[in-house]
Amino acid sequence: MEKENIAVGLDIGTTKIVAMIGKKNEYGKLEILGVGKSKSLGVARGVVNNITQTIQSIQHAVQEAENNSGYKIKDCVVGIAGQHIRSIQHTDYISRSNPEEVIGGNDIQLLIDQVNKLAMLPGEEIIHVLPQEFKIDGQAEIKEPIGMYGGRLESSFHVVVGQASSIRNVGRCIHDSGIELSGLTLEPLASSDAVLSQEEKEAGVALIDIGGGTTDLAIFKDGIIRHTAVIPFGGNVITDDIKEGCSIIEKQAELLKVKFGSAWPGENKENEIVSIPGLRGREPKEISLKNLSKIIHARVVEIIEQVYVEIKAYGHEDPRKKLIAGIVLTGGGSQLQHIKQLVEYITGMDTRIGYPNEHLAGNSSEEISSPLYATAVGLVMNSIENKTQSAVRIDQAQAPEMPVYKAPVMETNEVVQAEIESDEITKAETKDKSTETQIRRSFFDKYVDKIKDFLDNAE
């Protein structure tokens, strides 16, 4: 019986942690087998600040996903965000020793390895090296160089950089939760995989993912990632403003925001009032919905203006860089009433709310196709690309506890070794797979190995 390719994504957010188990169905769509969600304790603005609480939250979400799906999670692809993330543009080249040979995946890998050795600021580490366009012997705008001839291979890269300590802390939390780390993905990239169509990426689009602690931005043009940024504000700041402005507790502020909040104050009439129970025998509080909307509006405008500064920094006003498909809003914050109209008003760009349902199987529940789960769906799609067997059926995992982990690893290693010795042709064929998948895999392998080594040494 062929092994199922079961994928697992883990979205460690500021408000919630989501573990999602999925697989591709026969139509190539994503079938979600189980979802686990827990309140995120120990994460602030996308960065872990309490290891113990984060581990407990991860374990809770993982347990729930396993109970819902009947699968035992072994490893996962995790999303990384936080205010420490920055991106740079970089151009690099290699001179090939034999221009008479066609360019293969190994040449591109060589170029990427070269970029990975770039000197960063102290304490920073490269998370992603994303090739954009290639140049061969001066011939520009080549999207896929494999199979072409040339002596000098040049490429522009989008390099995403983050704080090494923050990345290691995430790795530590996952490791201590009893799960292996199979890959790291920048959260706005995962969200964009889930909610953007290829046509939008070609035309030019800005994805704004409004989470609890951060607002993530990813800009695409001509099908290529052009700019990424993480803004350290999100829905939680709006809740804090309501709490302060109305003198109520956080729980009530969050409920008010979700149930009655609007980003457009003109919508509410002066006499619309909500009564909130007082604390421990105190009088109930009456809050005007117009005032509530004014508080929300002020903060949302600030968030959108910061994002718009980043969109302008990319060069949106240059006619050749124009984002024809406009803006796609996703994440929990995109569910705020009238936020779409406000974004259109501030930026003057067409806007829609992004749902991850395009890639999901038809029988998916309405909850999963909500913008809240866009990042988690994107991470599961990423895990599928990695082709790892990230979860096994619980009935198969019930055999003696300890050997379960080691036996399959030994077998696959032996099989791989045998294949390498016996069949060089297969090796040559797999070299020239699609550039992107190959690049992603080998980079992830190295990066994840680096984190594993670090964790093992730390113990």
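Atoms considered below: every heavy atom in the structure, side chains included; atoms not considered: hydrogens, waters and symmetry mates.
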### Task
Spell out, as yes or no, whether a donor-acceptor pair under 3.5 Å connects the side chain of K340 to the backbone of L329.
no

### Message
Measuring from atom CZ of R299 to atom OG1 of T239, what distance do you get when rounded to the nearest 0.5 angstrom?
### Response
10.5 Å

### Short side-chain to backbone donor-acceptor contact, T14 and G46, under 3.5 Å
yes

#### Entry: Main-chain N/O of L360 paired with N357 side-chain donor or acceptor, under 3.5 Å
no

### Task
Determine yes or no for a side-chain-to-main-chain donor-acceptor pair under 3.5 angstrom, with H297 supplying the side chain and A263 the backbone.
yes

### Task
Nearest 0.5 Å please: distance from the CD1 atom of I295 over to the CD1 atom of I242.
6.5 Å

### Message
Regarding S156 and T91, do their side chains bring together a donor and an acceptor under 3.5 Å, going by distance alone?
### Response
no

### Message
Can you confirm whether E141 is buried at CD, in the sense that more than 12 heavy atoms of other residues, nucleotides or ligands lie under 6.0 Å from that atom?
### Response
no

### Query
Does any N or O in the side chain of R45 come within less than 3.5 Å of the main-chain N or O of P232, such that one atom is a donor and the other an acceptor?
yes

### Query
Can you find a heavy atom in the side chain of F233 that is under 4.5 Å from one in the side chain of I238?
no

### Query
Yes or no on salt bridge (charged side-chain N to carboxylate O under 4.0 Å, His left out) for R96 and D137, after CA distance, side-chain angles and deciding distance?
CA-CA 11 Å; R96 301 180 64 235; D137 294 346; over 6 Å; no

### Message
Contact between I108 and F134 at the side-chain level, heavy atoms closer than 4.5 Å - yes or no?
### Response
yes

### Query
Say you draw a straight line from NZ of K257 to CD of E250; how long is it, rounded to the nearest 0.5 Å?
9.5 Å

### Task
Could you check if a side-chain atom of L153 sits within less than 4.5 angstrom of a side-chain atom of I103, using non-hydrogen atoms only?
yes

### Task
Starting from the C-alpha separation in whole Å, work towards a yes-or-no answer on salt bridge (charged side-chain N to carboxylate O under 4.0 Å, His left out) for E385 and K387.
CA-CA 5 Å; E385 254 176 55; K387 293 198 165 47; over 6 Å; no

### Query
Can you check whether T375 reaches T330 side chain to side chain, under 4.5 Å on heavy atoms?
no

### Task
Flag the pair V78 / L181 as yes when at least one side-chain heavy-atom distance between them is below 4.5 Å, and no otherwise.
yes

#### Entry: Cationic N near anionic O, under 4.0 Å, R352 to E200
yes

### Task
Say whether, by atom type as modelled, one donor and one acceptor occur between the side chain of H175 and the main chain of V170 under 3.5 angstrom.
no

#### Entry: Side-chain touch S40/T15, heavy atoms, less than 4.5 angstrom
no

### Query
Are the charged groups of K221 and E202 less than 4.0 angstrom apart, N to O?
no

### Message
Suppose we screen for ring pair (Phe, Tyr, Trp, His ring centres under 6.0 Å). Which residues come up paired with Y93, at least two apart in sequence or across chains?
### Response
none

### Message
Assess whether a salt bridge exists between K322 and E317, defined as any Lys/Arg side-chain N lying under 4.0 Å from an Asp/Glu carboxylate O.
### Response
no

### Task
May I ask you to decide whether D176 forms a salt bridge with R172, counting only side-chain N to carboxylate O separations under 4.0 Å?
yes

### Query
For the side chain of N68 and the backbone of A65, is there at least one donor-acceptor N/O pair under 3.5 Å apart?
no

### Query
Under 3.5 Å, side chain of S293 to main-chain N/O of L289, donor-acceptor pair present?
yes

### Task
Locate the shortest heavy-atom distance separating F220 from A218; write the atom from each residue and the value.
CE1-CB, 4.0 Å

### Summary
Here the gap from I174 atom CD1 to I179 atom CD1, rounded to the nearest 0.5 Å, amounts to 7.0 Å

### Query
Can you tell me how far the CD atom of E272 sits from the CZ atom of F260, to the nearest 0.5 Å?
10.0 Å

### Query
Is the Y314 ring parallel, tilted or perpendicular to the H227 ring (thresholds 30°, 60°)?
tilted

### Message
Closer than 3.5 angstrom, by distance alone: can the side chain of K285 be matched with the main-chain N or O of S247 as a donor-acceptor pair?
### Response
yes

### Message
Hydrogens and angles aside, do D92 and H90 bring a side-chain donor and acceptor to less than 3.5 Å of each other?
### Response
yes

### Task
Under the side chain to side chain donor-acceptor pair (under 3.5 Å) rule, what do E367 and Y373 come out as? Steps first, then yes or no, please.
CA-CA 8 Å; E367 191 192 6; Y373 291 102; 3.1 Å; yes

### Message
Between the side chains of K312 and E310, is the shortest nitrogen-to-carboxylate-oxygen separation below 4.0 Å, so that they form an ion pair?
### Response
no

### Task
Please confirm whether the backbone N or O of A81 pairs with a side-chain atom of H84, one donor and one acceptor, at under 3.5 Å?
yes

### Message
Does any part of the side chain of T214, heavy atoms only, come nearer than 4.5 Å to the side chain of I231, both counted from C-beta?
### Response
no

### Message
Just by distance, no angles: are the side chains of S191 and D209 close enough, under 3.5 Å, to form a donor-acceptor pair?
### Response
yes

### Query
So, are E254 and K39 salt-bridged, with charged N and O less than 4.0 Å apart?
no

### Task
Enter the distance from S383:OG to D75:CG here, rounded to the nearest 0.5 Å.
6.5 Å

### Message
Contact between I224 and K143 at the side-chain level, heavy atoms closer than 4.5 Å - yes or no?
### Response
yes

